[in-house]
Amino acid sequence: MKGKKYANPANTGIIGNGISCIREYDVNFWFYTKGNKSIVFDSGHLNFKHIDKELEKIGINGKDIKNVFLTHADVDHAGGVDINGVNIFPDAMVYLGRKEESYLNNTTYRFQRLHIKINNCVKIKNGYTLLDDMQTVMAGDIKVQAIHIPGHTLGHLCYIVDDKILISGDCLAINQNGGYSFFEFFTQYPEMNKKSLRRLKELISQKKIEMVCTGHSGYYTDLTSLFSHIDESAKFSKRCPFDKDAPYNLFQ
């Protein structure tokens, strides 16, 4: 992936509006703090070596997190709660989309490439909670609404937090020209994702969203072009990088 500039995650830090984040190579996961309670959206890669230092930078103790909301079960988003490695939020309830469970129990393949079927490699301890489309969860005083946005995976969820923050996961890729449907290379059903984004655009238009926090494109507070190119899949190559401002090598 060196030189293709497909991702431009935000650096680990406290951003404001209740939001802080951790960067692990090419991916972000996001914390929302209200009063003395913090919740987290996604959990990063499996066994990330420097996770303790990154948590310390934003003043978070993983054992204090009681609610983990997964956008989907890919290893770069759910690896931090994978039972095959170190669970960085050991005392948390994990939430994910109802249709995402089929990847966990291997009844649905994540990819099929050249007649080779690839299972999802993440396993989550029993006791997780499955969420339905438009379902609302109260985590203390924090309101979290799940929105089913299938395409990248069948059970992919976005979340709206306290009616003002959109956690978009891997449905959108954003660069200087605005938002695109996520890269086809990583997306299981690209046309389904585009259809889901049209629905998300309509839902968002009814709310006063102040910030979008993405899986691989950082965060944005100017949302005027968020859905500008959602009928087109994002593309990347060394000859034609997706984001000219992205790091050359995300995995240094």
Side-chain angles (χ1 to χ4, degrees), residues 7-72 74 76-82 86-96 137-147 157-174 204 207-223 226 243 245-247 250-252:
N8 194 4
N11 289 325
T12 297
I14 298 171
I15 295 163
N17 213 356
I19 292 290
S20 55
C21 74
I22 284 177
R23 173 188 165 187
E24 291 183 358
Y25 305 127
D26 64 334
V27 70
N28 281 132
F29 59 101
W30 304 90
F31 297 82
Y32 180 76
T33 300
K34 188 177 185 180
N36 60 0
K37 184 175 181 63
S38 295
I39 63 176
V40 64
F41 297 89
D42 288 337
S43 63
H45 286 279
L46 176 71
N47 293 338
F48 184 69
K49 292 181 180 179
H50 310 297
I51 187 60
D52 290 338
K53 290 182 179 179
E54 298 303 291
L55 286 166
E56 186 177 341
K57 289 178 184 178
I58 60 173
I60 295 287
N61 185 330
K63 292 182 178 180
D64 293 335
I65 297 294
K66 306 302 180 186
N67 308 88
V68 177
F69 296 89
L70 297 179
T71 59
H72 59 297
D74 282 352
D76 56 335
H77 291 260
V81 292
D82 189 341
V86 177
N87 188 338
I88 61 176
F89 306 117
D91 299 324
M93 169 63 71
V94 176
Y95 302 81
L96 72 158
V137 174
M138 294 303 299
D141 293 332
I142 302 172
K143 177 183 175 183
V144 180
Q145 185 177 37
I147 304 175
L157 296 181
C158 293
Y159 296 97
I160 297 178
V161 190
D162 276 347
D163 296 316
K164 65 178 183 178
I165 307 293
L166 172 63
I167 308 293
S168 68
D170 280 2
C171 61
L172 279 167
I174 306 172
I204 294 304
K207 297 182 180 291
K208 296 181 179 179
I209 301 298
E210 300 173 8
M211 179 185 295
V212 58
C213 301
T214 75
H216 299 273
S217 299
Y219 68 94
Y220 291 83
T221 56
D222 181 357
L223 309 185
L226 183 62
D243 186 337
D245 295 329
L250 289 157
F251 293 88
Q252 284 182 324

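Residues: numbered from 1 along the sequence shown.
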Without swapping roles, check the side chain of [X] against the backbone of [Y] for a donor-acceptor pair under 3.5 Å.
{"X": "S43", "Y": "H77", "answer": "yes"}
{"X": "N17", "Y": "I19", "answer": "no"}
{"X": "N28", "Y": "I22", "answer": "yes"}

Taking only residues two or more places apart in sequence or in another chain, which ones pass side-chain contact (heavy atoms from CB on, under 4.5 Å) with K34?
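side-chain contact (heavy atoms from CB on, under 4.5 Å) check on K34 returns Y32, D141, I142, D162.
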
D245: which residues meet the side-chain contact (heavy atoms from CB on, under 4.5 Å) condition with it, sequence neighbours left out?
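Checked D245 against side-chain contact (heavy atoms from CB on, under 4.5 Å); matches are N8, Q176, D243.
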
Looking at every heavy atom in both [X] and [Y], which two are closest together, and how far apart are they?
{"X": "C21", "Y": "I58", "result": "O-CG2, 3.8 Å"}
{"X": "M211", "Y": "I209", "result": "O-CG2, 3.5 Å"}
{"X": "Y95", "Y": "N67", "result": "OH-ND2, 3.4 Å"}
{"X": "V68", "Y": "V81", "result": "CG1-CG1, 4.4 Å"}

Calculate, to the nearest 0.5 Å, the distance between atoms [atom1] and [atom2] belonging to [X] and [Y] respectively.
{"X": "L226", "Y": "L166", "atom1": "CG", "atom2": "CG", "answer": "7.0 Å"}
{"X": "D42", "Y": "C213", "atom1": "CG", "atom2": "SG", "answer": "11.0 Å"}
{"X": "I174", "Y": "T214", "atom1": "CD1", "atom2": "OG1", "answer": "5.5 Å"}
{"X": "I60", "Y": "T33", "atom1": "CD1", "atom2": "OG1", "answer": "4.5 Å"}

Run the numbers on D64 and S38 for side-chain contact (heavy atoms from CB on, under 4.5 Å), then give the verdict.
CA-CA 8 Å; D64 293 335; S38 295; over 6 Å; no

Does any pair with a residue in [range] pass salt bridge (Lys or Arg N to Asp or Glu O under 4.0 Å), and if so which ones, sequence neighbours excluded?
{"range": "residues 207-220", "value": "D163-K207"}
{"range": "residues 9-32", "value": "none"}
{"range": "residues 44-61", "value": "E54-K57"}

Between W30, F69, Y219, which is the residue that forms a ring-ring contact (aromatic ring centres under 6.0 Å, His included) with F41?
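Single pass found, and it is F69.
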
Could you check S217 against L172 for side-chain contact (heavy atoms from CB on, under 4.5 Å), going step by step and ending with a plain yes or no?
CA-CA 8 Å; S217 299; L172 279 167; over 6 Å; no

Close side-chain approach of L96 to L157, heavy-atom, < 4.5 Å:
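L96 does not reach L157 side chain to side chain.
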
T71 side chain near D170 side chain, heavy-atom distance below 4.5 Å
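Not touching, per the 4.5 Å side-chain cut-off.
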
Begin from the C-alpha positions of V40 and F29 and carry the test side-chain contact (heavy atoms from CB on, under 4.5 Å) through to its verdict.
CA-CA 7 Å; V40 64; F29 59 101; 3.7 Å; yes

Listed pairs under 3.5 Å, donor-acceptor, residues 86-94 side chains, sequence neighbours left out:
from	atom 1	to	atom 2	distance (Å)
N87	OD1	F89	N	2.9

